[in-house]
Amino acid sequence: MTDTPLLRVSDLTKSFSDAGRRIDVLNGVSLHLDAGQSLALTGESGSGKSTLLHLIAGLEAPDDGVIEIGGLRTDTLDDAGRARLRRSDVGLVFQQFNLIPSLSVGDNIAFQAQLAGRYDGALVKTLADQIGVADQLGKYPEALSGGQQQRVAIARTLAARPKLVLADEPTGNLDEPRADAVLDMMLRIVRDTGTALVMVTHSRRLAERLDRVAHLSRGRIVA
Amino acid sequence: MKRRALVALLSHWKRHPLQAFALIAGLALATALWSGVQAINAEARASYDRAADVVGAPGLDRIEGPLDQQTYVALRRAGWPVSPVLEGDWQGLRLIGVDPLTAPPGNAVAVGDLEDPSAFLRPPGAVVVGPDTRIEAEVRLLRSEDVPAGVAYADIGIAQGLLGRPGAISYLVLTGPLPRGAAELGTVSPELARAPGGDGQSDVARLTDSFHLNLTAFGLLSAAVGIFIVYSAISLAFEQRRTVVRTLRALGVPLRDIVGLLAVELLGLALIAGAIGIALGYAIAAALLPDVAATLSGLYGADVPGAIRLRPVWWLSGLGIAILGTGLAATGAVLRLLRMPILETARPEAWRLRTQRTLRRMAVGGVLLLGLSAALGVAGQGLIAGFAMLASLLVGAALLLPLILDTILGLAAHPARAPLARWFWADGRQQVPGLSMALMALLLAMAANIGVSTMVSSFRLTFTGWLDQRLASELYVRAQDAGQAQDLVAWLEPRATAVLPIVSVETRIAGLPADIFGVADHPTYRDNWPLLSAVPGVWDRVAEGEGVLINEQLSRRLSLAPGDTLPEGERVLGIYSDYGNPAGQLLVGLETFRDRYPQVAARQFGVRVPPERAEALAQEITATFALGPDGVVDQAGIKAFSLRIFERTFTVTRALNVLTLAVAGFAILMSLLTLAGMRLPQLAPLWAMGVTTGRLARLELLRAVALAAVVAVLSLPLGLALAWVLLAVVNVEAFGWRLPMYLFWPDYVELWGWALVAAALAAAWPALRMARLQPGSLLRVFSQER
C-alpha cells in the first residue's frame with residue numbers, strides 16, 4: 001500500500017437529460033481504492049453504480065468532480081486521452097458482448113495486451129491455463145459457453161496488466177457455481193498481480209467476498 | 001384477424017424506415033434503369049416502323065432500273081400491279097413521292113386521316129411532315145403523327161416538281177401478286193430488274209438491332225444490380241420478423257394467411273417502387289434519348305425523334321420487372337418462412353458454421369453455373385444459348401464471390417501482426433456475408449462496365465480500321481442517272497488517278513437476301529480490302545472470274561471457307577469483314593458482273609486522287625454536275641463523321657456505366673447502413689478497450705474500400721469474359737459477324753478508380769455516423785437488461 005491511492009474519486013457528479021428532463025445520476029460521489037484491493041459497488045437499479053464505473057473507465061466524462069488513477073487526473077482528459085487510458089491503465093469486463101466475435105479465443109485474450117504494447121505470450125498461456133481454455137484457443141467465441149466467454153474476457157483484461165480492473169456485473173449472466181468460479185479466479189489474479197478491482201454487482205453474496213463494499217442510492221454512497 | 005396481422009407485419013417498416021427506403025429505392029432504381037432503356041428502344045423501334053411504312057411495303061418486291069412515266073404506264077398496261085415512288089433530298093428531308101391511288105394499302109400515308117385530305121392531291125399540293133419537323137416551305141405543310149422525323153412525303157407529281165425532276169420515278173413497288181398472263185418484265189423493258197423485298201422488318205431496324213440488343217443487355221444487368229439491393233433488404237426484413245411471424249402463428253394466424261399477407265405487402269411495395277421507377281426511367285430516357293437519337297442517325301441513318309412518349313409497352317414492362325424482381329428477391333425468404341417450425345427456439349446458430357455452410361453452398365452453385373456456361377459455349381447454338389451462357393457466367397461468378405473474398409481476406413490476415421490489423425481482416429471476413437449482396441452487385445456492375453466498354457471500344461477500333469480499308473478511295477461520287485454517270489466518268493478520267501465503278505444488284509443466295517458487288521481489278525482493292533481469309537492469288541483469280549469473295553456473315557450462315565462452293569455453284573476465294581451489314585454480300589470481278597447483269601449501269605464511283613487534291617476536286621465536281629447532297633462524299637469526312645458518332649455512342653454507354661455503378665454504390669451504402677446498427681456489439685468492445693470511434697470509422701471506411709478494391713480486381717476477368725461472350729458468341733449468333741476483342745487498360749484503371757470512389761462515398765456516411773457515435777449508444781450494448 002502506498003500513500004497515494006491507486007484510485008481516487010472526489011465529489012463526482014453526472015446528470016443526463018431524458019426527453020428534456022434532467023436526471024441527476026451521481027450527486028457528489030467520493031471513494032478511493034489502493035492497489036491490490038477490491039471494491040464492490042452495490043445498489044438498486046438506477047442508483048448510478050454503472051455510471052460511476054463508466055466515468056472511472058473514461059467511457060464518459062463527468063459533469064464535475066475529480067478522478068485520479070495512479071495519481072494522474074483522468075476527468076480532464078479529452079476523448080483521445082480517455083481512449084489511451086482505457087488502452088493502457090484500466091481493464092473492463094462487462095456482463096455480455098465482451099469478446100470480438102471475428103477473432104479466435106487466443107487472439108481475443110492477447111488483443112488488449114497487444115493494443116497496450118504489453119503483450120506477454122507466457123502470461124497469455126498462463127491465463128488460458130488458469131481459466132481452462134488452453135485447448136480451445138483456436139476456436140471462436142461463439143463455440144464457448146457463456147461462463148467460458150466471460151472467463152476469456154477476464155483473461156483478456158488481465159493479460160494487458162492494467163492498474164485497475166473495472167467489472168460491470170461480470171457474472172450477471174452466469175449461474176451460481178459458475179459465478180463463484182469466475183469471481184474466485186478474478187480475486188486470485190487481482191491479488192497475485194497487485195491490481196485493483198472495482199466490481200458492480202447486484203449480489204450481496206458476491207459483494208461480501210470483496211475487500212470493501214460501497215452501496216449507492218440515488219447517486220450517493222450511503223454505506 | 002387478417003387486418004390486425006397485417007398491421008403487426010407492417011409495423012416492422014415503421015420501426016425500420018431505412019430498410020423500407022432501401023427496398024423501395026433499390027426496386028425503383030432497378031425499374032428505372034430497365035424501363036429507361038426500354039423507353040429508348042420502344043421509341044426508336046416505333047420510329048423505324050413508321051419509316052418502313054412510309055418507304056412502303058415491307059416484304060413487297062420492287063422494280064428497279066431506268067424508270068420513267070412511260071415505262072410505268074407500260075407495266076400497268078402489261079398487268080403489273082405497281083405503284084411509283086420517287087425519293088430525293090428536299091430541304092434536308094428525305095422527300096418521298098407516292099401515288100396515293102395505287103400505293104399499297106396500309107403502308108402509304110393515311111391520307112384520310114389528314115386534317116385536310118383533299119389538300120394532299122389538289123394543286124398546288126401539300127407536303128406531309130412529322131409533328132416535330134421544322135422547315136420553311138412555299139408549299140402547304142400538313143402534319144401527321146405517322147410521319148417520322150427527317151421524312152416528308154407528297155403526291156408523286158408534287159414531289160417531282162419540288163425535286164425538279166419532272167416525270168422521274170426512283171422505283172416501283174409491287175403492290176400485289178402478279179395476275180395470270182402478265183407479261184414478262186423483260187418484254188416490257190429489258191433493263192428492268194425485280195428486286196426482292198425485305199422480310200417485313202425495316203433495314204434500319206435490322207441495322208440497329210445490335211445497338212438495341214446491347215442497350216437491352218445493359219438495362220437487364222443494371223436491373224439485376226438493383227434487384228440485389230431488394231434481395232438484401234427483403235431477406236433482412238424477413239429475418240428480423242421471424243419472431244413476429246412465430247408469435248402470430250402461436251396466436252392462431254394460419255401460415256398461409258401470413259404468407260398471403262406478406263405477398264400483399266410486397267405487391268404493394270413493388271407497385272409503389274415500380275411507379276417511382278417508371279417516373280425515374282422516363283427521366284433517364286428523356287435525358288439519354290437525344291444522344292441515342294444522334295448515334296442512331298449518324299451510324300445508321302435512322303431518324304428517331306429526340307423526345308420520348310409514354311408508351312404502354314414500356315411502363316407495363318417496368319411494372320412487370322418491379323413485380324417480377326420483388327418476387328424473385330422474396331422467394332427464398334418466403335420459402336424459409338414456410339419451413340420455419342412454430343416452436344423454433346431462439347438459439348442462434350453459430351455464425352461461423354452457418355456462414356461457412358452458406359458460402360460453400362453458394363460456391364457449389366457458382367461452379368455448377370460456370371460449368372454450364374462453359375458447356376453452352378462449347379455445345380450451345382443460337383442466340384438463346386448465347387444469352388443463357390452470359391447469364392450463367394455472371395450469376396455463377398457472383399455466387400463464387402463471397403467464398404473468394406473470404407479466402408482472400410483470410411490470406412491477408414496471415415501476415416498481419418498488429419492487433420488492429422488482425423482484427424481488421426478478421427472482422428472483414430465476418431462482414432462478407434452481410435455485404436455479399438452489395439458486393440455481388442458491385443461485381444456485376446463493374447463487369448458490365450468492363451464488358452460493354454470493351455465491346456463498344458473494340459467495335460469502334462475495328463469499325464474505324466475497317467472504314468480505312470473499305471473507304472480506300474479519296475472520293476465517292478453518285479450520279480443521279482446513267483446518263484449523268486457517263487458524263488461524270490468522262491469528266492473525271494483526265495482529272496483522277498483512277499475512277500472505280502461500284503455496281504451492285506440484290507439477289508438471294510441459298511434463299512437468303514444478299515447483294516452482289518462488281519469491283520474493278522485495282523490496287524485500291526488488292527491493297528486495302530479487309531480480307532479475313534483467302535486462297536493464294538485471290539485477286540488475280542477474282543479478276544479472271546474463277547470465283548467470288550463473300551462477307552463474313554454469309555460465310556458463317558452457310559459455313560463456307562475459302563475453297564468451298566456456294567449453293568449456286570461459285571467457288572469461294574476469300575472472306576472479308578463487313579461490319580454492320582445484316583445481309584450476305586458477294587464480290588465478283590467487274591467483267592464477270594457486267595457479263596451477268598448487263599442491264600445494271602454504274603452510277604456510283606470511287607475516285608482515286610492524291611489526298612491533297614481531294615477537296616478541290618470535290619468542289620469542282622459539285623460545281624460542274626447537279627448531284628444530290630450526298631453526290632460527293634470525301635473519305636476523310638466520312639471517317640471524321642464516324643468518329644463523332646462513336647463519341648455519341650460513348651456518351652450513352654458512359655451514362656449507363658455511371659448509373660449502374662451508382663446503383664452498386666447505393667447497394668453498398670444501404671448494406672452498410674443496415675449493418676451499422678447490428679455491428680455495434682462487435683465494435684463496442686474495441687471502443688471500450690481504447691480504440692476511438694474516429695479510428696474505428698476510418699477502419700470501417702478503409703475496409704469498404706479494400707473490399708471494393710478486391711471486387712474491382714475480380715471484376716476484370718469477369719468483365720473480359722463478358723465482353724468475349726458478347727463479341728464472339730452473342731454478336732455472331734445475332735448478326736453473323738464477329739468482332740476482334742481489344743483491351744483498354746486505361747479505361748479499366750479509370751473504372752477501378754471510380755469503383756473505389758463509389759465505395760468510399762457509400763461508406764463515408766456510415767463511417768461519419770460511427771465517428772460521431774455518442775458513448776451512450778455504445779454503452780447501451782453493455783448495459784442491456786439493467
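Residue numbers start from 1 in every chain, and the chains themselves are labelled A, B, ... in the order their sequence lines are given, proteins ahead of strands.
When D79(A), L92(A), I100(A) are compared by the number of non-hydrogen pairs under 4.5 Å with chain B, I100(A) comes out ahead.
Minimum interatomic distance between A688(B) and L59(A) (heavy atoms only, all atoms of both residues): CA-CD2, 4.0 Å. The two residues S102(A) and A426(B) make their nearest non-hydrogen contact at O-CB, 3.2 Å.
With values rounded to the nearest 0.5 angstrom, R82(A) atom CZ is found 11.5 Å from T692(B) atom OG1. To the nearest 0.5 Å, atom CG of residue L103(A) and atom CD of residue Q682(B) are 11.0 Å apart.
Between F111(A) and R422(B) there is no side-chain heavy-atom pair separated by less than 4.5 Å. Put simply, the side chain of M689(B) reaches to within 4.5 Å of the side chain of R156(A), judged on heavy atoms. Between P419(B) and L115(A), the closest side-chain pair of non-hydrogen atoms falls below 4.5 Å.
When atom types are taken as modelled, the side chain of R87(A) and the backbone of V691(B) share no donor-acceptor pair closer than 3.5 angstrom.
Crowding of R218(A) atom CZ: a count of heavy atoms from other residues, nucleotides or ligands under 6.0 Å not exceeding 12. In R161(A), the CZ atom is crowded: over 12 heavy atoms of neighbouring residues, nucleotides or ligands sit closer than 6.0 Å. Heavy atoms from other residues, nucleotides or ligands lying under 6.0 Å from CZ of R204(A) number 12 at most.
Contact of W425(B) with chain A is not made at all, since no heavy-atom distance falls under 4.5 Å. No part of L683(B) comes within reach of chain A, as not one of its non-hydrogen atoms sits under 4.5 angstrom from that chain.
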